[in-house]
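Naming convention: chains lettered A, B, ... in sequence-line order (proteins, then strands); numbering from 1 in each chain.
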Amino acid sequence: MRWSRTLINTLRDDPQEAEIASHKLMVRAGLIRKLSGGLYTFMPFGVRALHKVSQIVREEMNRAGAQEILMPALQPAELWERSGRLATMGQGMFRLKDRADRLMVLGPTHEEVTTEMICGEVSSYRQLPCTVYQIQTKFRDEIRPRFGLMRAKEFIMKDAYSFDVSYEAADASYQAMYDAYVRIFKRCGLMARPVEADTGDIGGKWSHEFMVLADSGEDGVIDCPVCGYAANQERAERKVDASSGSSDGAAIEEVATPNVRTIDELTAFFKCAGDCFIKTLIYSADGNPVAVLVPGDRDLNEHKFKRLLGVKKLELADDPTILAATGAPVGFAGPVGLTIPVYADQALKGATGRITGANKADIHIKHVDLARDANITAFEDLVIVGTGDACPKCGKPLQLKRGIEVGHVFKLGTKYSESFDARFLTAEGQRELMVMGCYGIGVTRTLQAVIEQNHDADGILWPASVAPFAVTLLLLDPKDAAVCAVVDKLEKELQDAGIDVFVDDREDRPGVKFKDADLIGCPVRVVVGAKGLAKGGVEVKMRNSKDMAIVPIDAAVADIVGRVKALV
RNA sequence: CGGGGCGUAGCGCAGCCUGGUAGCGCGUUUGCUUGGGGUGCAAAAGGUCGAGAGUUCAAAUCUCUCCGCCCCGACCA
């Protein structure tokens, strides 16, 4: 392919709308163009790299025994009513009506369609296990699309679904996908880390996310450098020693605290540290008020709390609810005397001598002894874990990092099998529920993550496996017939050798071509110019190295092919 | 949805406060020039100044409403 015949435009300046390096580079290098918020066109170079990623995914899925299928993006909403997710995921789905006024959705994921399809096809244990996958466009009405392809309204996902006769068998299917994911990200040139993750609305018992560590990542990743424990911050746990509050044995004492509500205001007012206080939060859990206590210097992890309560909807209670539940306006809630369920973080077990709200306006109480003064429903791990907290496995200090979620594997169990009555006949003639797993890779997100993790100040450093072209050939003197002849010869011979080669044949000065070659970032750069030829050949340089070699023309193809082969 | 910022040529921006019929750089086209890390010169094309309403003799500029984009939060496989 030649630049002069290609729809590729590079930009000198960073696009105004881009914030992170990979987004800027994808636009500057001419890989993508924005249509609207969260909607992008893949330009020729972008689509070539995308197809490379897709092909790696496809090869590894096939190798793991999964079968490729392709399901409709447009789906009847009725399917989603059956699983109950029209209500729980409804906000995030694009909806439309067909001419018969039937409600349709654009699929954000395909558990429903897959399970419905498998119901009709699989009826015997002899057909199991069965894992299907597709690489397909997904639609999600994201609240805030951002960072280019990282969080888009329309994106390409590889989603796979496994069906098994038992939980033990499902574990094997899960492990096969887990192993395939490790290989996929490695082949894409990514350092991706499996971490324990929250299952969220998709349901299921257990899941792992594959995280690409990057400062621009949207997720917090808790990492133990000693024992290897790693978890999404949404799920991460910590080890806590029995609380050692200073028990003064004193009785509760009211203190007037007019307009002192927040922990910051309280620490200033009482002149003591945040952990002297117990923060009391009132939540509405599926409409019922509940209280939750965390140490004053900690934040509640709503994901953990929601999982503990087992509710569908959990949100901070509104002011009237708080007034009704505690008898006091916002800012003065406390555990003493509450009649609603009160959950507390495990670190508060045995807490004494603390300060809490008094459930009266403008009053706090001190010398609170939780065991003595309050009725706690349960002590659980409920706070957001951060740097310095103790690892739940080994007790050593944890670290908080940022990560990009490029893949997620779930053990679903029978959640969808039950909704769709997906059963099979056992050897004994019993009808039993299939045990499912589901497995996603954000293909477009993975592509951008590759750039986020492989770039420098000058541009992209493509891993050879996903580079739009393995070799970029710079024709420095397009008016020099001898130079052109060398380029023609190299281009043809490299193509014959199966190498993807891109020729910059523009009528531009060398500096422009060098800059653009660095920006676009193909792994091998071959410069063909009159000066180089006079020195004895063409110049071969790797994008990730400063070293440049002059290679005689006759030896050039073998040299370049050797370099490309060594990369993959 | 709450807070903040922005919308002027394909891209990046100035002009707006203090109203007077739109400018710079890049890119594009043409000619010359240059020819190994974003050459130089000259000419040219390209704009309903996000949309609508209002104030005014006159609005990119002031007022109001709406729309879009970006960031933080909330929220979200």
Pair assignment for [N], Watson-Crick or G-U wobble, requiring both distances under 3.5 Å:
N	answer
B:C17	none
B:G25	B:C11
B:G2	B:C72
B:C66	B:G50
B:A42	B:U30

[N] [atom2] sits how many Å from [X] [atom1], rounded?
X	N	atom1	atom2	result
A:E19	B:C69	CD	C1'	13 Å
A:R506	B:U34	CZ	P	21 Å
A:R151	B:C70	CZ	C1'	16 Å
A:M150	B:C71	CE	P	13 Å
A:D504	B:G37	CG	C1'	13 Å
A:D141	B:C76	CG	C1'	11 Å
A:E234	B:A74	CD	P	11 Å
A:H303	B:A74	NE2	P	10 Å

Has [X] got a side-chain N or O lying under 4.0 Å from the OP1 or OP2 atom of [N]?
X	N	result
A:R509	B:U39	yes
A:S36	B:G68	no
A:R33	B:C11	no
A:R144	B:C72	yes

**Study point:** Side chain A:D518 and base B:G37 donor-acceptor under 3.5 Å
**Key:**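 It does, because a donor-acceptor pair links the side chain of A:D518 to the base of B:G37 below 3.5 Å.
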Check your understanding: Between A:P108 and A:K34, which has a closest nucleotide on RNA chain B that is more 5'?
Key ->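 Going by which nucleotide is closer to the 5' end, it is A:K34.
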Review point. Closest nucleotide of RNA chain B for A:K153 versus for A:E142: which of these residues is on the 5' side?
Key: A:K153
Would you measure the distance from the [atom1] atom in [N] across to the matching atom in [M] and give it in whole Å?
N	M	atom1	answer
B:U34	B:A45	C1'	25 Å
B:G12	B:C69	C1'	16 Å
B:A60	B:G27	P	30 Å
B:U8	B:U21	C1'	15 Å
B:A44	B:G5	P	41 Å
B:C76	B:C1	C1'	13 Å
B:A22	B:U48	C1'	14 Å
B:G52	B:C16	P	24 Å

Of the listed nucleotides ([options]), which one gets closest to any side-chain atom of [X]?
X	options	result
A:I143	B:C72, B:C69, B:A74	B:A74
A:D13	B:C76, B:C70, B:G25	B:G25
A:R525	B:G37, B:G38, B:C72	B:G37
A:E302	B:C76, B:C75, B:C70	B:C75
A:R12	B:C72, B:G25, B:G38	B:G38
A:Q16	B:C76, B:G12, B:G38	B:G12

Scan [X] against the nucleic acid and name what it touches under 4.0 Å (heavy atoms): base, sugar-phosphate only, or nothing.
X	result
A:G92	nothing
A:R445	nothing
A:D14	sugar-phosphate
A:F147	sugar-phosphate

Would you call [X] and [Y] a salt bridge, using N to O less than 4.0 angstrom?
X	Y	result
A:D159	A:K138	yes
A:E111	A:R85	yes
A:K153	A:E142	no
A:D223	A:K401	yes

Angle between ring planes, [X] versus [Y], binned at 30° and 60°: parallel, tilted or perpendicular?
X	Y	result
A:F185	A:Y181	perpendicular
A:F94	A:F139	perpendicular
A:H208	A:Y178	perpendicular

Study note, to complete from the structure: Tightest non-hydrogen contact, residues A:F469 and A:P523, listed as O-CD, 3.5 Å
